[in-house]
Each structure stands twice: as structure tokens, then as C-alpha cells.
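The structure under discussion appears below in the form of C-alpha cells.
Bear in mind the structure is a predicted one, so any value in this text is a computation, not a measurement. Note that these values count all heavy atoms, side chains included, but never hydrogens, waters or copies made by symmetry.
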Amino acid sequence: MQVKRFFAADMRQAMKLVRDELGAEAAIIGNRRIAGGVELTAALDYKLSALAPRVPNMELEDELRKTQSRIASAQAELSLRSSEGEAAAGTNRQLFAGQPLTAGLPLTAAEPLVEQVQAEPRRPQPEPAAPARGVDTRTLDSMRSELNSLRELMEVQLGSLAWNQLQGSQPAQANLWRRLQRIGLSGPLSRDLLALIKGIEEPRQAWRMLLAHLARMIATPDVEPLEEGGVIAMVGPAGMGKTTTLAKLAARYVLKYGAQSIALVSMDSFRIGAQEQLKTLGRILNVSVTHVDPGQSLAQALEPLLRKRVVLIDTAGLQASDPALRMQLESLAGRGIKSKNYLVLATTSQKQVLTAAYHSYKRCGLAGCILTKLDETASLGEVLSLAIGHELPVAYLTDGPRIPDDLHLPRRHQLVSRAVSVQMQEEPSEEAMADMFADIYHSPTKQVS
């Protein structure tokens, strides 16, 4: 039997290492959390009848030894007390009958202690010592970590089993799953789409209907935000294209309605040259630019601009842990602002980056999203999955540096066609398909109308 340990950042990467090294027949015989990731112990030609050796839990055994020591100390204390008569002796017998303090100790060592208690006078019983909370917390954290590792392991294994079963029983459905994975759609969204075309047998018709359903799921505003007017803020992490998008929006409005009824506001005092960049744009478009410093009231800064039909706000792209980000989002969410905040998302970003951006900026209240850098992206499925899953209307698209020519209103069917045209050319690997199915176990079944 070949036994080997594998180290990785998470359970899915560790499972991939096991499959690559030992193959699909390898058995997982141990897993634990370590600093910086997880450790898996895998075996090839592992016999199920052979029991794996027990790995001692040192923290748990230490707690048991401390508990046993406290029990022995309590019994030693009780051995110095006596009863004030037969009634007290009877009370002590009931106490020992209800709470067996001698659990885990030899019976011959416990019996003399009971007799001693009956003969000596009773003293006030001290309160039991409180358990060490720090140790208990560490033990609970260790148990949670182990349970999370087991859950991840089960999800990966279940995803692989479900994918293999689907390939054998429903090859046509498996082919559609592969095509959706090439687009980059998430597992839960793919599941919902395939549930809508269950009765369609012909592959081409099924694919066309699937794409039609995907287009209908993409939400877009009923009225273009610039036409609706008001205070419009660009929010999102650094590098997503907020300032460039604001410049395109401002130029689009000035070319159509003139520069008299629009104003620009900058809340970005952190990035070098950000304010100067917006000042240059204001001079070119002949539009006023207002700068809001950290700690300054946004409501007061906007008060002189209330007569403007459109006010565009450029915000700073800050890390989620930065306290200045919380203050910035609270300002935008203030009651007197009535700002429509649009999350700017670069379609070139990874799935984890897009998800983190949404969760960091949703606290200010999002009216929708703006998708940028479509000309540079290799996949649109990730950002479409996020927009659909969190019900974010897609307000604008940008696909180049030209101002304002590369700013477009979204057309849902065109967006889906573009997603199909930039899909991966090679077939997804078996590991990628298993991961997609494992992703489904994170999301409950959702009814799609």
C-alpha cells in the first residue's frame, strides 16, 4: 500500500494533487488543517477492512486529564467533611447517586471516600472551578476547522460522483454542462438554466433555448441612468475603471445636453493624480469639479450642486479592511444624498475578486453594475453569474479607451452572444466539471421563473 501526504491552500487543490499523483482510485485516510492550508493523507491500494490508526487529539486528552484532576480534588475536599447526622448522610448519598463524581476512577478508590463523608461534619461546599475558557475556545475552533475540512472533502467527492453519474446516464445533459462551463457560468446558475429546458430533446434547440433563458435572466434598467438624472456614484475596487467610466458618462451627457446641467465630484483623495485627472476632464468638458476630502460632509459638498440635473461622483478604490472605505460607503448611503450607486466591475477580474467586490460595496446600496474592459476579457460567464445571482441590473458596458465612443447601453441578447464568442476553445477538464458540481452543493435549489 502506497501512502503519501499532500499539502495545499484548500481542499479542492489538495484533492487535485491526490488525483494527479495517485489517480482516481486513491483513498483519503486522513485530513487536517495546518498553517496556510490543509494536509491530506492518501493511500493507493487501501484496504477498507483495515482500520486506520487512531491519531491522538492532544488538546482533548489534556482537557480530560484536567477534568479528572478536578474530580480528584473535589473528592479530596469532600473527604475532609462529615455529616451532622443520618439526614445529612442520606443527602450525600443522594448527591452521589445523582452526580457520579467517581466516573473514570477505580471503584475501589472511590468507595472509602463515600464512607468518610458520612462520618465527618459537613462544611460549606466551595463553588466548582470554572473551566479554562481559552482552552475550550481553542478546542471548539479546532473541531470547527476539522468539520469544515470534512465538509469541503465531501463536497468535492460528491461533485465528482455526481458528474461521473451524469455522464453515464445523460450524455446530452453532460454536453450542455460542458458548454456552460466553457462560457464560465457558475454551477448554481447552470443548474437553474438546465432545469428550464428539461423537456427539450434536440441538442441544437435545447442550446438555443438555454441561451434565450440566460438573456432573459440579465436585468437592465428601464430608463438609462443619465436620462433619469440625479446623483450617480461609481463604486468599486481599484483598477476596475471607475474614473474612465465616469469620463465617458460625462462626455456622453455633455454631447447630448450641454455642460450647464452636469457636475463632477471626486471623493478620491488617496490615489496620486486622481483629483488632477478629474480637473483636466472638467476643463476639457467645461464642467465644474468639486473635491470632497476625507471627513468632509458629502451632503454639504453636494448642496450647491442640487440645481444640476446630473451629478457624477468618482470614489476611491479602497481595500475592504480600510476604515476609510466604511466612512465613504456610509456617506453615499446617507439619507440626504439619494445617490444611485453603480458597482463598476472589470470583466477581466477573477471570480473571487468579483465576489469580494460585491460583498464589500453592497452596504452602500447598489442600483446596478457597469461592466468594463469587455474588449480585454477572455470570459464573461463569471461576471454575468454575479449580476444574475445578486439581481444587479447591468446599466452600461465599456469595451475600449475611447471617450465616449466605447460606452454602450446593454443589449441582453448581444451580451449573451458576446459571452459565447469569447468562451474557452478547449474542453473543460474533468476536475473543472467536478468542481462545478461541488459548487452546486454550496447553493440551495432556486426556482427560476
Side-chain angles (χ1 to χ4, degrees), residues 185-186 189 214-253 256 262 264-265 267 298 309-317 325 328-334 337-349 351 353-374 377 380-399 404 406-416 418-419 446 448-449:
L185 298 181
S186 67
L189 177 58
L214 175 61
R216 279 196 286 268
M217 288 182 179
I218 301 172
T220 56
D222 295 331
V223 180
E224 181 186 351
L226 283 179
E227 295 291 337
E228 189 176 9
V231 180
I232 301 172
M234 309 288 111
V235 300
M240 293 291 181
K242 297 186 297 296
T243 305
T244 305
T245 301
L246 181 141
K248 293 174 181 177
L249 289 171
R252 179 186 180 93
Y253 186 87
K256 191 171 184 178
I262 184 174
L264 306 182
V265 175
M267 297 180 68
L298 180 60
R309 186 169 179 269
V310 173
V311 177
L312 299 178
I313 301 178
D314 185 26
T315 62
L325 175 62
Q328 181 176 263
L329 298 182
E330 287 177 353
S331 298
L332 292 172
I337 304 301
K338 296 182 180 179
S339 170
K340 294 187 287 292
N341 307 314
Y342 288 90
L343 180 61
V344 181
L345 298 172
T347 56
T348 53
S349 301
K351 172 185 174 183
V353 176
L354 296 171
T355 303
Y358 170 77
H359 288 291
S360 296
Y361 287 88
K362 67 179 181 179
R363 72 185 76 171
C364 68
L366 297 174
C369 63
I370 298 175
L371 308 186
T372 64
K373 304 182 181 181
L374 270 75
T377 188
L380 282 174
E382 291 81 2
V383 73
L384 291 181
S385 297
L386 177 74
I388 293 172
H390 295 292
E391 299 179 351
L392 286 177
V394 180
Y396 292 99
L397 308 174
T398 71
D399 57 0
D406 292 330
L407 178 75
H408 312 284
L409 293 176
R411 299 290 183 265
R412 295 183 294 181
H413 287 83
Q414 292 179 2
L415 192 55
V416 171
R418 193 160 192 165
K446 179 181 177 182
V448 180
S449 57

I need the single residue from [options] that forms a side-chain contact (heavy atoms from CB on, under 4.5 Å) with [X]. Which is it?
X	options	result
Leu246	Thr315, Leu264, Ile232, Ile370	Leu264
Thr347	Thr372, Leu384, Thr377	Thr377
Leu374	Thr348, Asp406, Thr398, Leu380	Leu380

pair [X]-[Y]: side-chain heavy atoms closer than 4.5 Å:
X	Y	value
Pro404	Tyr253	no
Val231	Val265	no
Leu332	Met267	yes
Tyr358	Leu386	yes
Asp314	Lys242	yes
Val394	Cys369	yes
Leu409	Tyr396	yes
Leu226	Lys256	no

Which heavy-atom pair separates [X] from [Y] by the least distance, and what is that distance?
X	Y	value
Lys373	Met240	CE-O, 4.3 Å
Leu345	Ala357	CD2-CB, 4.2 Å
Leu189	Ser385	CD2-OG, 3.7 Å
Asn341	Gly365	ND2-O, 3.1 Å
Lys340	Ala367	CB-CB, 4.1 Å

Ignoring hydrogens and geometry, is there a side-chain-to-backbone donor-acceptor pair from [X] to [Y] under 3.5 Å?
X	Y	answer
Arg309	Glu227	yes
Thr220	Pro393	no
Thr244	Gly241	no
Tyr361	Gly236	yes
Glu382	Leu354	no

Gap separating the [atom1] atom of [X] from the [atom2] atom of [Y], nearest 0.5 angstrom:
X	Y	atom1	atom2	answer
Leu415	Ile218	CG	CD1	4.5 Å
Arg252	His408	CZ	NE2	9.5 Å
Ile313	Ser339	CD1	OG	5.0 Å
Arg411	Leu397	CZ	CG	9.5 Å
Arg412	Met217	CZ	CE	11.5 Å

His359 and His390 aromatic ring geometry - parallel, tilted or perpendicular at 30°/60° bounds: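 Correct class here is perpendicular.
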
